[in-house]
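Before any comments, here is the structure.
All chains are named by letter (A, B, ...) in the order of the sequence lines, taking the proteins before the strands, and each is independently numbered beginning at 1.
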Protein chains: 2
Amino acid sequence: MKDYSVIIVDDHPVVREGYRRLIDLQPGLKIAGEAEDARAAYAQFRALRPDVVVMDVTLPGASGIEAIRHIRQYDDSARIVVFTMHLSAAFALKAVQAGAMGYITKSSDPRLLVEAIFGALRGQTVISPDVIEAIARDRISGIGTGLTDLSPRQTEILCLLARGWSAERIAGELSISPKTVRNNHYQIKSILGLETDAQLVWFALETGLLPAI
Amino acid sequence: MKDYSVIIVDDHPVVREGYRRLIDLQPGLKIAGEAEDARAAYAQFRALRPDVVVMDVTLPGASGIEAIRHIRQYDDSARIVVFTMHLSAAFALKAVQAGAMGYITKSSDPRLLVEAIFGALRGQTVISPDVIEAIARDRISGIGTGLTDLSPRQTEILCLLARGWSAERIAGELSISPKTVRNNHYQIKSILGLETDAQLVWFALETGLLPAI
DNA sequence: GTTTGTCGCGGGCAATTTGCCCGACCTTTC
DNA sequence: GAAAGGTCGGGCAAATTGCCCGCGACAAAC
């Protein structure tokens, strides 16, 4: 019986090493390839046609969510399992909407990832318990993370604003007008119902958009 | 010749597996223990007295920075190398101030971590090139010194501003005019050399004026 | 093909806030 | 009692915010 082939997508080399010990040593699975960003993941998928893709959602350049969509567009039977540090209901829902067959946090027991891979092979979607709980909690409170209400661009700008960057610096970084940054700044605060810029930082910290020190 | 002992601190099991392949297979190094949060790291350090600690800065509960301080307070000859995904000048400076002997990003070539470990054993501080560049670009020097330059009243107002309170609310709380709050707001940013209100929050977090999440 | 929707981008303009000056009170300290 | 420093606020030009608008791109729906 042939092993199922897996490709792994993560931008941190050390994490890919960790995958190897988890997956490659697992009977029935073998790692066919690696990629460190969304474009390479897509190229690898087309070249190797693996049975399963295991990928992070935060990647350099295009987001993992987009990569999922892209791969599923090319082959809608692709099995993709998201494996990420983000314990986020918003990310998980987006990933599943985009076509992921699993969402496991890196702080989970590693065996859960293996289970999710075999689950995906059987056509089951496995979500790690901590994420399920986060989804349930968000639903109950009704508030949600708020992050889902922001467009990708707004999220990006929020992230830079919360870092303490000036509108001018952000404008330079993104090659847009400072006025656009200011408009987005206002829109973001308006959508999230925030009063001050300091609250904006706290929002970014609480949603995990930025790491707390 | 005895191998140097290393303990690894990271909250993601898969990352710890990656460390094992990197460090344990390296001639001259062996992994003596693992920890997944700051408290466990401290306990492991006291129990095992390793030659080097490799740790992330974002950990559940207490921050890695605090863990560094805590360990160095217990043993000021402790060699600690930070290995993290965060390409952040502020984190790196904070870590080195706290006593870290190295700061390497997870997206660096893994061999750099090994080099940093051996560097730390020789008493050298190794910072990964991407972080050096970030420090040069951000030029956020000056942060981390200023608290002593603020009067008690200014510190109090800074604390409330950083919490996200509006000038009016602070004025009500302290029974002074909103105008005075705004003047203080300006003075504080001026004294600390800050540009935006978001930086003000980070200042409060980094000086420990406010607890992070 | 067209409509409808959303998204990213920015102009415009009044209202507000900031940046930076000022002086008037306290205390403390020499 | 004079000097020094903290606290409190007024004033005013310059800058920013809050909120409106329209434009073009692009995807989905009719």
Side-chain angles (χ1 to χ4, degrees), chain A residues 61-63 65-74 76 90 93-94 97-99 144 146-204 209, chain B residues 142 146-201 203 209:
Chain A
S63 87
I65 303 288
E66 282 172 50
I68 294 171
R69 254 190 290 255
H70 199 191
I71 291 173
R72 293 276 298 187
Q73 197 173 328
Y74 168 73
D76 66 358
L93 292 175
K94 277 195 178 182
Q97 276 173 4
L147 259 187
T148 48
D149 301 330
L150 294 179
S151 71
R153 193 56 152 179
Q154 285 168 340
T155 307
E156 186 177 13
I157 291 175
L158 162 59
C159 196
L160 298 177
L161 286 169
R163 274 198 167 85
W165 289 29
S166 70
E168 283 67 29
R169 186 170 172 199
I170 295 173
E173 179 80 10
L174 302 180
S175 298
I176 56 180
S177 147
K179 175 62 179 171
T180 302
V181 177
R182 284 187 228 287
N183 277 334
N184 274 280
H185 189 171
Y186 164 68
Q187 283 294 336
I188 291 165
K189 285 207 281 181
S190 176
I191 291 171
L192 300 179
L194 306 178
E195 289 278 319
T196 69
D197 288 356
Q199 290 176 352
L200 201 146
V201 179
W202 288 106
F203 178 85
L209 205 56
Chain B
L147 251 192
T148 49
D149 301 331
L150 294 179
S151 71
R153 192 58 152 178
Q154 285 168 340
T155 306
E156 185 178 14
I157 292 176
L158 162 60
C159 197
L160 297 177
L161 286 169
R163 276 199 165 86
W165 290 29
S166 69
E168 283 66 29
R169 185 169 172 201
I170 295 174
E173 180 79 9
L174 302 179
S175 300
I176 56 179
S177 148
K179 174 63 179 169
T180 302
V181 176
R182 285 185 226 288
N183 276 334
N184 274 279
H185 188 170
Y186 164 69
Q187 284 295 334
I188 291 165
K189 285 206 283 180
S190 178
I191 291 171
L192 300 178
L194 306 177
E195 289 278 320
T196 69
D197 289 354
Q199 289 176 352
L200 202 146
V201 179
F203 177 86
L209 206 58

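- Axis orientation changes by 30° from one end of the helix from dG1(C)-dC30(D) to dC30(C)-dG1(D) to the other, with each end axis drawn from 5 pairs and the value rounded to 10°.
- Listed candidates were dC8(D), dC20(C), dG18(D). Nearest to the side chain of Y186(A) is dG18(D).
- Here the straight-line distance linking atom CZ of R182(A) with atom CD1 of I157(A) works out to 12.0 Å at 0.5 Å rounding.
- Protein atom CD of Q187(A) is 11 Å distant from nucleotide atom P of dC7(C), rounded to whole Å.
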*Between E173(B) and E156(B), does a side chain to side chain contact (heavy atoms under 4.5 Å, CB included) hold up when you go through it step by step?*
CA-CA 11 Å; E173(B) 180 79 9; E156(B) 185 178 14; over 6 Å; no
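- The minimum heavy-atom distance linking I176(B) with R153(B) is given by the pair CG2-NH2, 3.7 Å.
- With rounding to whole Å, R182(B) atom CZ is found 18 Å from dT7(D) atom C1'.
- Atom CD in Q199(A) sits about 16 Å away from atom C1' in dT17(D), given to the nearest Å.
- Atoms CD1 and CD, on I170(B) and E168(B) in that order, are 9.0 Å from each other to the nearest 0.5 Å.
- When rounded to the nearest whole Å, the span between CD1 of I188(A) and P of dG8(C) equals 10 Å.
- Rounded to whole Å, atom P of dT18(C) lies 9 Å from atom CD of E168(B).
- Residue R153(B) places no side-chain N or O under 4.0 Å from the OP1 or OP2 atom of dG6(D).
- Between H185(A) and the choices L158(A), T180(A), L200(A), the side-chain contact (heavy atoms from CB on, under 4.5 Å) rule is met once, by L200(A).
- Put simply, CD on Q154(A) is 12 Å from C1' on dC9(C), counting in whole angstrom units.
- Between the P atom of dC20(C) and the CD1 atom of I191(B) lies a distance of 13 Å, rounded to the nearest Å.
- Rounding to the nearest 0.5 Å gives a distance of 13.5 Å between SG of C159(B) and CD of Q154(B).
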Are there any protein N/O atoms within less than 3.5 Å of an N/O atom in nucleotides 10-14 of chain C, and if so, which ones and at what distance?
{"unit_1": "dG10(C)", "atom_1": "OP2", "unit_2": "S177(A)", "atom_2": "N", "d": "2.8"}
{"unit_1": "dG10(C)", "atom_1": "OP2", "unit_2": "T180(A)", "atom_2": "OG1", "d": "2.5"}
{"unit_1": "dG10(C)", "atom_1": "N7", "unit_2": "N183(A)", "atom_2": "ND2", "d": "3.2"}
{"unit_1": "dG11(C)", "atom_1": "O6", "unit_2": "N183(A)", "atom_2": "ND2", "d": "3.0"}
{"unit_1": "dG12(C)", "atom_1": "O6", "unit_2": "K179(A)", "atom_2": "NZ", "d": "2.6"}

*Criterion side chain to side chain contact (heavy atoms under 4.5 Å, CB included) on V201(B) and R163(B), from CA distance to verdict*: CA-CA 7 Å; V201(B) 179; R163(B) 276 199 165 86; over 6 Å; no
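- Rounded to an integer number of Å, the gap from CG of L161(A) to C1' of dT17(D) is 13 Å.
- Looking at L161(B), T196(B), D197(B) one by one, the single match for side-chain contact (heavy atoms from CB on, under 4.5 Å) with K189(B) turns out to be D197(B).
- Annotation: side chain of E195(B) is not in contact with side chain of W165(A) (no heavy-atom distance under 4.5 Å).
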